[in-house]
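Below is one structure, written out as structure tokens; the observations come after it.
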Amino acid sequence: MSSSSRVVNQHEQMDAKKKKIWELATSPRKEIMMMMFMMWLAGSDLNIFPIMLVAQAIYSPVNSITVVNTTFSRVVDGIDHSTELQEEVTNAKLFYILHQVVFIAIGLVKCYYMGLVPTNSIDWIDHTPQVPSEIGSGFSV
């Protein structure tokens, strides 16, 4: 095997690895519309089903962010760690995390529309200190 064909083969392998890394990084993009549709189907009532769906919509992306290195390790293991490939992996991880943050935002917006996010002053009325009031009997002494 000549050295030029070996270089071309390594270049093709590097391109294939980059393509696989970016496929993994952009895979959540396909699920964004489905998640928005599921949030719409759940409605805005406070029942067990919508609350569980919203909890899963927030928990799943948080979990995906915490295991991002494990997710990408399946693709990155066994490859040479050139600086060009390391930059690609880092950019792909950041893009993947950005998609997960979008999922969290969708879940939080759904919580807002369900009334689970305390945004008004009346939501904090339990935590305001009580002002003692004077009790009068109507007679002055």
If you group Ile, Leu, Val, Met, Phe, Trp and Tyr by side-chain heavy-atom gaps below 4.5 Å, do V67 and L94 land in one group?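 V67 does not cluster with L94.
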With clusters defined by side-chain heavy atoms of hydrophobic residues (ILVMFWY) lying less than 4.5 Å apart, directly or transitively, does W40 cluster with V54?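 Yes, it is one cluster - the side chains of V54 and W40 are joined through contacts under 4.5 Å.
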CD1/I58 to CG/N63 distance, rounded to the nearest 0.5 angstrom?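 Answer rounded to 0.5 Å: 14.0 Å.
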Please tabulate, for side-chain N and O atoms in residues 96-114, each donor-acceptor pair with protein atoms closer than 3.5 Å (sequence neighbours left out).
from	atom 1	to	atom 2	distance (Å)
H99	ND1	F95	O	2.9
K110	NZ	M39	O	2.8
K110	NZ	G43	O	2.5

Pairs of donor and acceptor atoms involving the side chains of residues 19-37, under 3.5 Å and at least two apart or interchain, shall be tabulated with distances.
from	atom 1	to	atom 2	distance (Å)
W22	NE1	E88	OE1	2.5
T26	OG1	W22	O	2.8
S27	OG	L24	O	2.9

Any heavy-atom pair between the side chains of K93 and T71 that's under 4.5 Å?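 No. Closest side-chain heavy atoms not under 4.5 Å.
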Using the side-chain hydrogen bond (donor to acceptor under 3.5 Å, both in side chains) criterion, which residues pair with D45? Sequence neighbours excluded.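 Testing D45 for side-chain hydrogen bond (donor to acceptor under 3.5 Å, both in side chains), a comparison that skips the adjacent residues, returns none.
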Check which hydrophobic residues are tied to I48 through side-chain heavy-atom contacts below 4.5 Å, counting indirect links as well, and list them.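 In the cluster with I48 are M52.
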